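Have a look at the structure below, then the notes.
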Amino acid sequence: VQLQASGGGLVQPGGSLELSCVASGPIFGINTMAWHRQAPGKQRDLVALISSGGNTQYADYVKGRFTISRDNAKKTVYLQMNSLKPEDTAVYYCNADVKSGTSYFAPYHNYWGQGTLVTVSS
């Protein structure tokens, strides 16, 4: 199982970006999907998560600006980021709990994508 994140780049303050992360491989099911971020010299923090049923949670510092969504058929999670601030600059990582293989009774394992850099600067 692999998670491939994309969509990062350079954006001016106040701008928008949408990140995508697609899961591939022998996947039976995906439970919670999430985005985390890690700024230089800081720990990796949870930004937002979405359950398999579509329930969402956000870190306080992105509420009202970021929206997490998923397309279960495409095995993809998105992060729409609006009103970006310089302090949003970080490497963004996707994360998912995946049940691999073909068995309903297989356990979920946690997987990470490789990260995509978001730079907010004028």
Side-chain angles (χ1 to χ4, degrees):
V1 174
Q2 290 187 326
L3 299 182
Q4 182 70 41
S6 62
L10 174 64
V11 63
Q12 292 187 342
S16 299
L17 277 178
E18 184 179 56
L19 307 182
S20 300
C21 176
V22 58
S24 61
I27 296 171
F28 185 86
I30 303 176
N31 197 354
T32 301
M33 306 183 83
W35 288 96
H36 298 245
R37 72 186 187 187
Q38 187 168 19
K42 296 189 177 181
Q43 67 181 20
R44 189 175 299 187
D45 291 327
L46 175 66
V47 174
L49 63 82
I50 183 167
S51 71
S52 58
N55 294 316
T56 59
Q57 292 186 37
Y58 297 91
D60 286 343
Y61 48 80
V62 304
K63 283 182 180 177
R65 299 190 297 124
F66 291 10
T67 302
I68 189 171
S69 61
R70 63 191 286 171
D71 185 327
N72 291 327
K74 295 182 178 179
K75 301 182 180 63
T76 301
V77 62
Y78 305 95
L79 185 68
Q80 177 65 44
M81 304 184 294
N82 298 327
S83 302
L84 283 161
K85 304 175 182 180
E87 51 264 45
D88 293 319
T89 295
V91 178
Y92 284 71
Y93 298 90
C94 57
N95 171 267
D97 292 325
V98 179
K99 180 180 295 187
S100 60
T102 58
S103 172
Y104 176 85
F105 298 101
Y108 284 97
H109 293 284
N110 190 254
Y111 294 89
W112 289 90
Q114 85 288 3
T116 185
L117 176 63
V118 173
T119 303
V120 185
S121 175
S122 55

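It should be emphasised that the depicted structure is a prediction, and the values quoted were computed from it without experimental measurement.
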### Message
Suppose the criterion is disulfide bond (SG atoms under 2.5 Å apart): which pairs have a residue in residues 51-122, not counting sequence neighbours?
### Response
C21-C94
### Query
Side-chain heavy atoms under 4.5 angstrom apart, residues restricted to Ile, Leu, Val, Met, Phe, Trp, Tyr: same cluster for L84 and Y61?
yes
### Task
Verify side-chain contact (heavy atoms from CB on, under 4.5 Å) between N72 and S52, making sure each step is shown before the conclusion.
CA-CA 8 Å; N72 291 327; S52 58; 5.7 Å; no
### Query
Do the side chains of Y58 and T67 get nearer than 4.5 Å, heavy atoms only?
yes
### Query
Heavy-atom distance under 4.5 Å between the side chains of I68 and V77, does that happen here?
yes
### Query
Does some side-chain heavy atom of V1 sit less than 4.5 Å from a side-chain heavy atom of H109?
no
### Task
Would you indicate whether Q38, at its atom CD, is surrounded by more than 12 heavy atoms from other residues, nucleotides or ligands within a distance under 6.0 Å?
yes
## Note on the structure
What one should report as the nearest heavy-atom pair of A90 and L117 is O-CD1, 3.6 Å
### Task
Sequence neighbours left out, what pairs pass side-chain hydrogen bond (donor to acceptor under 3.5 Å, both in side chains) with at least one residue falling in residues 17-33?
none
### Query
Under the ring pair (Phe, Tyr, Trp, His ring centres under 6.0 Å) rule, what pairs show up with a residue in residues 68-101, not counting sequence neighbours?
none
### Message
Given 3.5 Å as the limit, does a donor-acceptor pair link the side chain of K99 with the main chain of Y104, or not?
### Response
yes
### Summary
In short, disulfide bond (SG atoms under 2.5 Å apart) pairs touching residues 23-82 with sequence neighbours left out are none
### Message
For residues 5-39, which residue pairs pass the ring pair (Phe, Tyr, Trp, His ring centres under 6.0 Å) check, not counting sequence neighbours?
### Response
H36-W112
#### Entry: Inter-residue atom distance L3.CG - K75.NZ, 0.5 Å rounding
12.0 Å
### Summary
Rounded to the nearest 0.5 Å, the CZ atom of R37 sits from the CZ atom of F66 at a distance of 5.5 Å
### Message
Quick check: closest heavy atoms across A48 and L46, and the distance to 0.1 Å?
### Response
O-CD1, 3.7 Å
### Query
If we only count heavy atoms from C-beta on, is the V11 to S16 side-chain gap below 4.5 Å?
no
### Task
For residues Q57 and S51, determine if any side-chain heavy atom of one lies less than 4.5 Å from a side-chain heavy atom of the other.
no
### Query
How far does OH of Y111 sit from CE of M33, to the nearest 0.5 angstrom?
13.0 Å
#### Entry: side-chain hydrogen bond (donor to acceptor under 3.5 Å, both in side chains) against Q43, all qualifying residues, sequence neighbours excluded
D45
### Query
Nearest heavy-atom pair of P13 and S122: which atoms, and what distance?
CD-N, 3.7 Å
#### Entry: Gap separating the CG atom of L79 from the CD1 atom of I50, nearest 0.5 angstrom
10.5 Å
### Query
So do R65 and D88 actually touch side chain to side chain, heavy atoms under 4.5 Å?
yes
### Message
If you define the side chain from C-beta out and look only at heavy atoms, does anything of V118 sit under 4.5 Å from L19?
### Response
yes
### Task
State, with a plain yes or no, whether a side-chain heavy atom of V47 is found less than 4.5 Å away from one of M81.
no
